[in-house]
Amino acid sequence: MTPSENHPPIDFIRTMIAEDQDAGRSVQRVHTRFPPEPNGHLHIGHAKSICLNFAIAQEFGGLCNLRLDDTNPTKEHMDYVRSIQEDVRWLGFDWGDRLYYASDYFESLYEYALKLIRKGKAYVDNLSAEELREYRGTLTEAGKKSPHRQRTLEENLYLFAKMRAGEFEEGTHVLRAKIDMASPNMNLRDPALYRIRKATHYRTGDAWCIYPTYDFAHPLSDALEGITHSLCTLEFEDHRPLYDWVLDECEVPCHSQQIEFARLNLAHTVMSKRKLLKLVEEGQVQGWDDPRMPTIKGLRRRGYTPAAIRSFCDRVGVAKRDSVIEMGLLEHTIREDLNRTSPRVMAVLHPVKVIIENYPEGQTEEVEAVNNPEDVGQGVRQLTFSREIYIEADDFREDPPKKFFRLSVGQEVRLRYAYIIRCVGVEKDQDGTIVALRCTFDPESKRGGTQAGRKVKGTIHWVSVGHALPTEVRIYEPLLTKPSALPKKSITSEPILNPCSLQVLSPCWAEASLKHASVGSRFQFERQGYFCLDPDSMNQKLVFNRTVSLKDPWAKMEKK
RNA sequence: UGGGGGAUCGUCUAGGGGCAAGACAUUAGAUUUUGAUUCUAAGAACCCAGGUUCGAUUCCUGGUCCCCCAGCCA
């Protein structure tokens with residue numbers, strides 16, 4: 001548990017609910033819901049909503065439902081329903097037995113529609129889509145009343161029944177609310193309540209050919225489930241009068257309060273389903289679970305933990321202002337979690353061979369390494385040391401710059417958990433590229449030796465050439481080269497895809513203890529970052545995803 | 001141009017008529033067999049203009065800028 005999980009920050013929504021309770025305005029217990037449409041995979045933006053809804057319910061001693069808002073048969077699929085459940089559960093939330101579908105309410109919704117017709121509050125219109133648009137008016141001009149607005153109740157009932165019976169073609173008829181064609185709020189200019197869709201619904205099959213719209217189904221679904229606080233994003237703000245209209249006119253006993261908050265935007269990535277789908281379809285990424293994707297599945301494969309994502313969602317806060325969160329915050333929360341929990345191992349990503357001249361050929365020895373200095377309970381393990389090892393190419397310089405604490409000819413470094421070595425020579429091939437480094441070691445410098453406490457400037461990681469495991473390592477960079485920004489802004493100035501968002505390193509060499517690591521397990525590769533074993537791993541070859549690098553002030557300094 | 005929202009450190013988020021707080025990021029230092037972690041410190045903000053007031057970032061008035069709405073998507 002991170003501190004932020006113990007004390008989720010107080011935001012305007014929580015304040016509002018608490019004040020309502022104090023004022024005795026809400027006698028019912030708090031009941032929220034997370035209502036995704038099953039037309040795609042969940043992403044980090046959904047995580048914000050999930051955390052908000054479930055956490056608020058929990059904090060106020062209430063409940064949170066999972067509801068699939070499946071009112072549009074042309075886009076939805078059972079695969080997505082499964083995926084959504086899996087992701088919400090993985091994030092650590094439990095909806096108990098309260099898994100609901102808007103499609104389960106189709107019959108009740110139909111009854112409410114009849115009620116509206118009987119009250120003279122809804123009518124069947126057979127204007128074409130194009131005519132409807134013309135009649136609606138513009139932002140600055142009032143709309144015109146449809147010539148069909150004054151049909152009799154009988155006529156409306158008759159036509160609506162025919163709509164349901166499938167006697168009309170798609171797009172020819174629609175049930176509209178009778179509100180106000182001159183309203184300055186476009187949503188109130190007789191919005192559609194039902195439309196004809198001759199498509200098979202993934203759950204109700206062909207039982208229906210008319211489907212309720214969001215504006216009709218959502219408030220009633222909330223009411224049917226006894227939702228008290230219907231949290232949604234800012235773009236629904238001017239739907240609220242319609243939300244309230246539907247509940248008032250349908251005379252439901254439960255009238256939930258709709259509260260809007262700003263959706264999450266993350267810099268250097270995209271969040272809209274449309275753009276994510278485009279990345280997948282164009283093959284810019286491998287799929288919805290590509291570790292570069294901001295989807296829950298992508299983050300999971302990348303190595304993110306549910307706790308880190310929850311902590312992130314707590315830290316971004318909830319407000320009404322459009323905002324773009326920096327990646328740095330997400331990276332901070334995963335480092336914070338993994339630092340505490342993940343075992344340390346050594347792996348060399350850019351190998352350079354080191355030959356220790358005064359270490360006997362054929363000899364090996366075990367050295368003890370701490371699994372996690374942040375958690376001594378994780379114990380120790382043995383590493384094999386030998387005459388030939390790999391070290392990181394970055395850890396050697398022929399012309400070391402100032403403040404370079406690592407290896408160069410004539411200089412010493414400590415090998416983590418092992419000896420201090422001194423570089424005495426460089427072996428190169430005809431092209432002048434380094435083939436191996438010749439070193440000597442100080443036999444007394446190991447832990448327990450007389451020189452164990454001797455200080456040298458740097459300590460570097462290593463693996464034994466004869467014992468290390470061949471490994472592929474995938475390094476990820478942001479999908480976009482620019483922070484981009486608010487979602488729709490980037491439609492005009494198309495975001496620039498980072499051509500280097502994936503870098504594959506192979507062969508890398510990992511310590512032998514990783515041999516039996518299971519897919520999905522996370523490690524800190526000492527001095528490098530946090531890595532997660534990818535499902536692509538084979539017996540012969542491990543594949544690791546870099547979740548996030550360690551902070552590296554030296555690399556930063558070098559760039560300058 | 002109609003309506004609905006919004007504007008506080010680089011980025012998020014608090015606050016509220018009298019000291020502008022926290023987190024991330026940044027910078028400096030200490031500790032360190034990870035240039036990590038940890039610790040300490042520093043710099044860094046109230047959209048603009050008037051008004052009310054002893055005092056305005058907060059209240060009032062008028063601007064400016066940004067976001068959303070003209071789907072039979074959600």
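Keep in mind that this is a model prediction, so the values were computed, not measured.
We find that NZ of A:Lys457 is positioned 13 Å from P of B:rU31, with the value rounded to whole Å. Atom CG of A:Leu329 is separated from atom P of B:rC12 by 11 Å (rounded to the nearest Å). Between A:Ile325 atom CD1 and B:rC9 atom P there is a gap of 14 Å when expressed in whole angstrom units. Between the C1' atom of B:rU13 and the CD atom of A:Glu326 lies a distance of 13 Å, rounded to the nearest Å. Atom P of nucleotide B:rG6 and atom CG of A:Asn265 are separated by 17 Å, given to the nearest angstrom. Distance, A:Glu526 CD to B:rU32 C1': 12 Å, rounded to whole Å. The distance from atom CD of A:Glu260 to atom P of B:rC68 is 16 Å, rounded to the nearest whole Å. We find that CD of A:Glu170 is positioned 14 Å from C1' of B:rC73, with the value rounded to whole Å.
For the OP1/OP2 pair of B:rC72 and a distance below 4.0 Å, the side-chain nitrogens and oxygens of A:Arg136 include at least one atom meeting the criterion. Taking side-chain N and O atoms only, A:Lys551 has no distance below 4.0 Å to OP1 or OP2 of B:rG35. In this structure, A:Thr71 reaches the B:rA74 phosphate: one of its side-chain N or O atoms is under 4.0 Å from OP1 or OP2. Not one side-chain nitrogen or oxygen of A:Lys320 sits closer than 4.0 Å to the OP1 or OP2 atom of B:rC67. For the pair A:Arg315 and B:rU13, the criterion of a side-chain N or O lying under 4.0 Å from OP1 or OP2 is not met.
With its glycosidic angle more than 90° from 0, B:rC59 adopts the anti conformation. Because its glycosidic torsion is more than 90° from 0, B:rG22 is reported here as anti.
Remark on RNA chain B: of its neighbouring residues A:Ala129 and A:Leu139, the 5'-side contact belongs to A:Leu139, judged by nearest-heavy-atom nucleotide. Along RNA chain B, the nucleotide nearest to A:Lys446 and the one nearest to A:Asn39 differ in position, and the one closer to the 5' end is contacted by A:Lys446.
The base of B:rU33 sits with one of its N or O atoms less than 3.5 Å from a complementary donor or acceptor on the side chain of A:Arg414. The base of B:rU34 lies close enough to the side chain of A:Gln524 for a donor and an acceptor atom to sit less than 3.5 Å apart. Counting atom types as modelled, A:Arg344 pairs a side-chain N or O with a base atom of B:rU34 as donor and acceptor under 3.5 Å. Between the base of B:rG3 and the side chain of A:Asp238 there is a donor-acceptor pair shorter than 3.5 Å.
Ring-plane geometry between A:Tyr419 and A:Phe441 is classed as perpendicular, the angle between the planes exceeding 60 degrees on a 0 to 90 degree scale with a lower cut at 30. In this pair, A:Phe106 and A:His201 present their aromatic rings perpendicular. The plane angle is above 60°, beyond the 30 to 60° band. Taking the six-membered ring for Trp and thresholds of 30 and 60 degrees, A:His41 and A:Tyr80 have ring planes more than 60 degrees apart, a perpendicular arrangement. Relative ring orientation between A:Phe525 and A:Phe531 is described as parallel, the plane-to-plane angle staying below 30° on a 0-90° scale split at 30° and 60°. Below 30°, between 30° and 60°, or above 60°: for A:His46 and A:His43 the angle between ring planes is between 30° and 60°, a tilted geometry.
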Could you summarise the pairing of RNA chain B as dot-bracket text, marking Watson-Crick and G-U pairs under 3.5 Å with ( ) or [ ] inside the strand and | across strands? .((((((..((((....[..)))).(((((.......)))))....(((((..]....))))))))))).....

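In this structure, A:Arg335 fails the cation-pi test against A:Tyr530, since its NZ or CZ atom is not both closer than 6.0 Å to the six-membered ring centre and inside 45 degrees of the ring normal. Relative to the ring axis of A:Trp208, A:Arg164 places its NZ or CZ within 45° and under 6.0 Å from the centre.
A gap of 23 Å separates the P atoms of B:rA23 and B:rA7, to the nearest Å. Look at the C1' atom in both B:rU64 and B:rA28: the space between them is 40 Å, to the nearest Å.
A:Leu383 approaches A:Arg381 most closely through the heavy-atom pair CD2-NE, 3.8 Å.
With its ring centre under 5.5 Å from that of the base six-membered ring and a plane angle below 30°, A:Trp554 counts as stacked on B:rG35.
By the side-chain hydrogen bond (donor to acceptor under 3.5 Å, both in side chains) test, A:Arg189 is found to be paired with no residue, residues two or more places apart in sequence or in another chain being considered.
Side chain of A:Asp11, nearest nucleotide from B:rG3, B:rG35, B:rA14: B:rA14.
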Criterion ring pair (Phe, Tyr, Trp, His ring centres under 6.0 Å) on A:His148 and A:Tyr123, from CA distance to verdict: CA-CA 8 Å; A:His148 310 115; A:Tyr123 63 98; 8.4 Å; no

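Near RNA chain B, meaning a heavy atom under 4.0 Å away, the residues from residues 191-200 of chain A are A:Ala192, A:Arg195, A:Arg197.
Between the side chains of A:Ser445 and A:Arg454, no donor N or O sits under 3.5 Å from an acceptor N or O.
No contact: A:Ser183 has no heavy atom under 4.0 Å from any strand.
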